[in-house]
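Remarks on the structure that follows.
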2 protein chains.
Amino acid sequence: MFSLAEENYLKAIYHLEHENQGEVSTNAIAERMDTKPSSVTDMVQKLAEKDLLSYKKYKGTLLTPSGRKIAANVIRKHRLWEVFLVEKLNFHWDEVHVIAEQLEHIQSDELIARLDKFLGSPDFDPHGDPIPDKHGNVKRTEKKLLSECEKNQRGVCVGVKESSGEFLQYLDKRKISIGTKIKVLGKEFFDGSMIIQVGSDQFFISQKIAENLYVQTN
Amino acid sequence: MFSLAEENYLKAIYHLEHENQGEVSTNAIAERMDTKPSSVTDMVQKLAEKDLLSYKKYKGTLLTPSGRKIAANVIRKHRLWEVFLVEKLNFHWDEVHVIAEQLEHIQSDELIARLDKFLGSPDFDPHGDPIPDKHGNVKRTEKKLLSECEKNQRGVCVGVKESSGEFLQYLDKRKISIGTKIKVLGKEFFDGSMIIQVGSDQFFISQKIAENLYVQTN
DNA sequence: AAATATTTTTACCCTTGTCTAAAAATTAAG
DNA sequence: CTTAATTTTTAGACAAGGGTAAAAATATTT
Ligand SMILES: [Mn+2]
Ligand SMILES: [Mn+2]
Ligand SMILES: [Mn+2]
Ligand SMILES: [Mn+2]
């Protein structure tokens, strides 16, 4: 139905809308997609023709309901495949994203319906991100960044903001994964660094780490 | 590494080489790929540049060892995914081919290695076709067409030649699948039709059916 | 309010893979 | 051994998607 390139644009715009709360600029899309602004303009005009997004010259774009639905479905497929790769093929969570970038474009509603069932209809992917349902609706949970927590607060790791291999590998080394309980033992206001407890280990983390870990506090 | 189009050409040529035992003509490729001979000429010249096949103007093509290896790997992926779809997602054997046509182009050796293991390293796909190993080698079994069998011979269904939805659905209706035991009760020389026994059922089949069913006789 | 800087668009070119129409080579008939 | 039919290749064109360089619009300073 839609080309690989079109799906990737819609997905990128979907994510940017949620990150920046509002219109998405041409340059932001170009940067996210690692392409040139002129290419983005072309594609955005094409997608506007197809009523997948609204576009006014020089003003940026917003997905239409149908554009948003398609984007959410690509994301649904991406995250379901990530679950498959980790749960069934025993991939490590830092290895699955690039493969899912390919698998997310396989077109077959029946395949996704069966894959979902096979995986037990998971609500979250291996990185803690919610999996949209087949209508494109997402359960948004109230989570916050570890960096927003105060001293002595406890939380459960529910996701990562950044998901580069380096970061995920760091988390592994520290034995932090989805579901891990974390307690803030100390917080330095000058640089935002923290001392935290994970299981029986206590260690120092920089603000950069704390700003990329989502936790759910109780 | 190679584009979707390139992989599809190599795969088609691989199959045609095996069917026609020898050089593959431009028109044969065009027909198989549902494209025009002029397009084939272009692509074949490009693939020859890359040493994936040997090509002499007006003479047809033959895969080189590296071209054959790539083709076999695409076929390996296709058939492994077919096994996955049938064994794990409970698809019916007549539904999996079109989906596998997409999945066969996913690029990740690690993915295929793990998928293979997850499936128990199967030797055959749901249609009875052999799955090439990771080096591109295929176990060719001695099978023959049911139409070549004589009266009173017994055999086990090991594959299908044609694999259209219509044919596979016909086989289902007759309760014939891979592993089914078949006995030839009678054979009409005039039109090649047969009466066969499958389980406790006995029925008539046309030559067209008998020519598209592979059996292994003992 | 100008002048500058930044962002976005336009105009034009490139590559991949496809098609149509015409030319060339090969094969089949007479 | 010519002529006719068939197959294959070449010569353009085109659509998708992406890139460069320059023009136009918008945003930011002075
Ligand atoms: Mn991902
Ligand atoms: Mn993810
Ligand atoms: Mn198949
Ligand atoms: Mn098959």
Side-chain angles (χ1 to χ4, degrees), chain A residues 1-14 16-17 19-63 67 70-71 74 101-102 104-105 107, chain B residues 1-14 16-17 19-63 67 70-71 74 101-102 104-105 107:
Chain A
M1 196 67 193
F2 296 98
S3 74
L4 191 140
E6 288 172 328
E7 288 192 344
N8 281 335
Y9 272 95
L10 293 173
K11 183 174 57 129
I13 295 167
Y14 179 98
L16 288 168
E17 269 186 24
E19 286 165 24
N20 311 333
Q21 223 62 325
E23 251 107 20
V24 179
S25 77
T26 300
N27 272 11
I29 300 170
E31 184 165 353
R32 165 70 67 116
M33 310 231 356
D34 201 32
T35 181
K36 303 292 167 187
S38 56
S39 305
V40 173
T41 301
D42 276 357
M43 181 57 94
V44 151
Q45 289 176 345
K46 212 175 77 181
L47 294 174
E49 279 296 314
K50 298 189 181 184
D51 270 310
L52 298 173
L53 48 80
S54 63
Y55 164 73
K56 288 242 178 68
K57 271 191 191 179
Y58 297 101
K59 292 298 179 192
T61 61
L62 273 184
L63 294 177
I70 290 159
V74 174
E101 288 285 316
Q102 295 181 65
E104 71 187 8
H105 301 290
Q107 318 241 226
Chain B
M1 197 66 194
F2 296 98
S3 74
L4 191 141
E6 288 173 329
E7 288 192 345
N8 281 335
Y9 272 95
L10 293 173
K11 182 175 58 132
I13 295 167
Y14 179 99
L16 289 167
E17 269 187 22
E19 285 165 23
N20 311 333
Q21 223 62 325
E23 252 106 20
V24 179
S25 78
T26 300
N27 271 12
I29 300 170
E31 185 164 353
R32 166 69 68 115
M33 311 236 347
D34 200 32
T35 181
K36 302 293 167 187
S38 55
S39 306
V40 173
T41 301
D42 278 355
M43 180 58 94
V44 150
Q45 290 176 344
K46 211 176 78 181
L47 294 173
E49 280 296 314
K50 298 191 182 186
D51 271 310
L52 297 172
L53 49 79
S54 63
Y55 164 73
K56 288 243 179 65
K57 270 189 189 179
Y58 297 101
K59 292 298 179 193
T61 62
L62 272 184
L63 294 177
I70 290 161
V74 174
E101 288 284 315
Q102 296 181 65
E104 72 188 6
H105 300 290
Q107 318 237 233

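In what follows, chains carry the letters A, B, and so on, assigned in the order in which the sequence lines appear, proteins first and then strands, with residues in each chain numbered from 1.
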>> So, OP1 or OP2 of D:dT10: does either fall under 4.0 Å of a side-chain N or O from B:K57?
In response: yes
> Is there a donor and acceptor pair closer than 3.5 Å between the side chain of A:S38 and the base of C:dT8?
Replying inline: no
> Where is the tightest heavy-atom contact between A:A30 and A:K36, given as atom of each residue plus distance?
Replying inline: CB-C, 3.8 Å
>> I need the NZ-C1' distance between B:K36 and D:dT7, as an integer number of Å.
In response: 15 Å
> Closest approach of A:L53 and A:V44, non-hydrogen atoms and distance?
Replying inline: CD1-O, 3.5 Å
> So, is B:T26 close to the D:dT9 phosphate, meaning a side-chain N or O under 4.0 Å from OP1 or OP2?
Replying inline: yes
>> Does B:Q45, at its CD atom, have more than 12 non-hydrogen atoms belonging to other residues, nucleotides or ligands within less than 6.0 Å?
In response: yes
> Quick one: A:K56 NZ to D:dA24 C1', roughly how many Å, whole number?
Replying inline: 19 Å
> Given D:dT10, is OP1 or OP2 found less than 4.0 Å from the side-chain N or O atoms of B:Y58?
Replying inline: no
> Does the side chain of A:N27 get closer than 4.0 angstrom to OP1 or OP2 of C:dT6 through an N or O atom?
Replying inline: no
> Under 4.0 Å between a side-chain N/O of B:Y9 and OP1 or OP2 of C:dT16, yes or no?
Replying inline: no
> To the nearest Å, how far apart are B:D42 CG and D:dA15 C1'?
Replying inline: 16 Å
> Once you round it to whole Å, what is the distance between P of C:dT16 and CG of B:N8?
Replying inline: 17 Å
>> Rounded to whole Å, how long is the line connecting atom NZ of B:K59 with atom P of C:dA24?
In response: 19 Å
> Can A:E23 and A:K56 be said to form a salt bridge (Lys or Arg N to Asp or Glu O under 4.0 Å), step by step?
Replying inline: CA-CA 11 Å; A:E23 251 107 20; A:K56 288 242 178 68; over 6 Å; no
> Does A:S39 put a side-chain nitrogen or oxygen below 4.0 Å from OP1 or OP2 of D:dG18?
Replying inline: no
>> I need the CD-C1' distance between B:Q45 and D:dA11, as an integer number of Å.
In response: 12 Å
>> So A:T35, base contact, sugar-phosphate only, or nothing? Heavy-atom distance under 4.0 Å.
In response: sugar-phosphate
> Does atom CD of B:Q107 have more than 12 heavy-atom neighbours, drawn from other residues, nucleotides or ligands, at distances under 6.0 Å?
Replying inline: yes
